[in-house]
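Notes to accompany the following structure.
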Amino acid sequence: MVLLLQREEFSQEAKWLGEKDEKKVEEEVMKYTIKDSVFTSLFKEKKYLIQLYKAIHPEDTEATEEDLQDVTVSNVLVNDIYNDIGFRIGSTLLILMESQSTWTSNIIFRALMYLVQTYREYFRETKQDIYNSKKLRMPKPEVYVIYVGDRKATPEEILFSKEFFCGDEVCLDLKVKMVYDGKEGDIISQYVVFTKVCNEQVKIYGRTRKAIKETIRICKDRNVLKEYLERKEQEVLSMLMELYDQEEVMRSYVESEKYDAAKETAKRFLKIGKLSIEEVAAGSGLTVEEVEELAGM
């Protein structure tokens, strides 16, 4: 009976260890992505940003690059949270936009933080006091997510109240408009095609320089972000290779942490002395030889 309980405890600890490492991979390794780096780099340039704006507001035929003002949020709160793109059109419209390859409802709450911080900056810029009795003036907000991952359900929008409070009426709500592929040939559709080509080449060549070069070559041949890629080819190559290197370093770190934690778990159960070498190895993910070495055999 004692042995059974210890084995169950070992199994639970091994399961917890796996979940912990999986969470680390998701939160740390996936912090950087190819798509996000190109997204932010591309739309830092007003010639592409105005195309992005007109792709979501084709009715506005008078807006020019000069009407755009960058209001991208950086270093919000204490965890260096920042959004991909934030911009104003004159003084009437505020647009926040994110690129996502993994579906998460949490983007709504992050967008809420971005929105609050952006308005704070706007009030500071326009010298408006939120504690004053005078009613605040502010541009109308719009929040978008360009989603480039695989997903069967493609809602046109997601709501804070629906995602987090089952659609109940709450004192605060936020609507995020979802964009999936744009219209053929516009800057959004080109960006989405770029991400798909990139994913295809990574499947073939892995996260390598070859995959990046092939992505750039194919996209230029297809007239996808061609002018940007021709002008910034070396910069894009260097930028993406740096991201690959960061991901590899983080993966190595996670594997090292996982191995060290597995060793500590195995040591503890070896000390109890109720499990065989094979059982400790099977439960910890270590090899029999590694467990034997820990046991001093």
Side-chain angles (χ1 to χ4, degrees), residues 33-73 82-104 107-108 110-111 114-115 118 122 139-151 153-159 174-200 215-216 218-233 235-236 239:
T33 68
I34 282 182
K35 282 74 69 177
D36 290 341
S37 67
V38 171
F39 186 79
T40 53
S41 171
L42 178 68
F43 293 116
K44 280 180 182 177
E45 299 188 35
K46 284 191 174 182
K47 63 186 297 183
Y48 300 116
L49 188 59
I50 190 65
Q51 294 179 48
L52 179 63
Y53 169 67
K54 290 190 174 183
I56 59 177
H57 278 284
E59 77 285 355
D60 188 349
T61 58
E62 298 182 357
T64 66
E65 293 179 23
E66 288 68 31
D67 296 320
L68 302 173
Q69 182 175 348
D70 179 28
V71 293
T72 304
V73 175
Y82 55 90
N83 68 321
D84 288 343
I85 294 174
F87 62 98
R88 283 208 318 264
I89 300 294
S91 60
T92 59
L93 188 60
L94 169 67
I95 296 177
L96 304 182
M97 187 166 289
E98 295 290 298
S99 169
Q100 293 287 311
S101 58
T102 303
W103 189 271
T104 172
I107 187 61
I108 309 177
R110 297 204 299 268
Y114 307 150
L115 190 60
T118 303
Y122 178 77
K140 175 185 174 183
E142 291 183 2
V143 181
Y144 296 85
V145 166
I146 297 180
Y147 184 73
V148 295
D150 295 326
R151 185 175 172 83
T154 54
E156 293 185 2
E157 60 186 33
I158 51 178
L159 301 174
L174 181 68
K175 177 172 64 176
V176 176
K177 298 179 181 180
M178 302 300 299
V179 181
Y180 299 96
D181 45 26
K183 294 183 179 180
E184 185 175 357
D186 72 11
I187 197 69
I188 294 176
S189 70
Q190 290 184 57
Y191 166 71
V192 172
V193 170
F194 174 87
T195 67
K196 292 180 179 179
V197 171
C198 181
N199 290 337
E200 291 168 357
T215 297
I216 293 173
I218 292 169
C219 286
K220 288 195 297 185
D221 288 346
R222 296 182 184 177
N223 201 28
V224 172
L225 303 182
K226 182 176 181 179
E227 191 277 338
Y228 168 78
L229 292 173
E230 285 182 339
R231 183 166 45 86
K232 297 266 188 141
E233 181 167 348
E235 181 180 330
V236 169
M239 175 174 58

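- Scanning all heavy atoms of the two residues, the minimum distance from L94 to R88 falls at CD1-CG, 3.8 Å.
- For the residue pair Y147 / S99, no side-chain donor-acceptor distance below 3.5 Å is found, with atom types taken as modelled.
- Counting heavy-atom neighbours within 6.0 Å of E230 CD, excluding the residue itself, gives a total above 12.
- Within the 4.5 Å cutoff, no side-chain heavy atoms of Y144 are placed close to those of L96.
- Here the options are L174, L159, V143, the test is side-chain contact (heavy atoms from CB on, under 4.5 Å), and the partner is I108; only L174 passes.
- With a 6.0 Å radius and a threshold of 12 heavy atoms from other residues, nucleotides or ligands, E62 has its CD atom at or below the threshold.
- Contact of the T72 side chain with the T40 side chain is not registered, since no non-hydrogen atoms from C-beta on lie closer than 4.5 Å.
- The minimum heavy-atom distance linking L52 with M97 is given by the pair CD2-SD, 3.5 Å.
- Every salt bridge (Lys or Arg N to Asp or Glu O under 4.0 Å) that R231 has, sequence neighbours left out, goes to E45, E227.
- Among all heavy-atom pairs drawn from P139 and S91, the shortest one is CB-O, 3.6 Å.
- Residues E65 and K47 meet the side-chain proximity criterion, which asks for heavy atoms closer than 4.5 Å.
- Y122 meets the side chain to side chain donor-acceptor pair (under 3.5 Å) test with no other residue; sequence neighbours excluded.
- In this structure E200 satisfies the side chain to side chain donor-acceptor pair (under 3.5 Å) test with no other residue, sequence neighbours excluded.
- For the side-chain contact (heavy atoms from CB on, under 4.5 Å) test with F194, the passing option among T215, I218, L42 is T215; the others fail.
- Considering every non-hydrogen atom in both D186 and A55, the closest pair reads OD2-CB, 3.9 Å.
- Here the closest non-hydrogen pair linking I50 and L68 is N-CD1, 3.6 Å.
- A heavy-atom distance below 4.5 Å is found between the side chains of E142 and H57.
- In the displayed structure, K175 atom NZ is contacted under 6.0 Å by at most 12 heavy atoms of other residues, nucleotides or ligands.
- By the 30° and 60° cut-offs, the orientation of the rings of F87 relative to Y53 is perpendicular.
- For D150, the CG atom counts as loosely surrounded, since its 6.0 Å shell holds 12 or fewer non-hydrogen atoms of other residues, nucleotides or ligands.
- In terms of heavy-atom proximity, P58 sits nearest to I56 at CD-C, 3.5 Å.
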- Message: Apply salt bridge (charged side-chain N to carboxylate O under 4.0 Å, His left out) to residues K220 and E233 and explain how you reach the verdict.
- Response: CA-CA 10 Å; K220 288 195 297 185; E233 181 167 348; 2.9 Å; yes
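- Side-chain contact, S41 with Y228: a donor N or O sits under 3.5 Å from an acceptor N or O.
- Here the side chains of V71 and I95 are not in contact, with every heavy-atom distance at 4.5 Å or above.
- Between Y180 and I146, every side-chain heavy-atom pair lies at or beyond the 4.5 Å cut-off.
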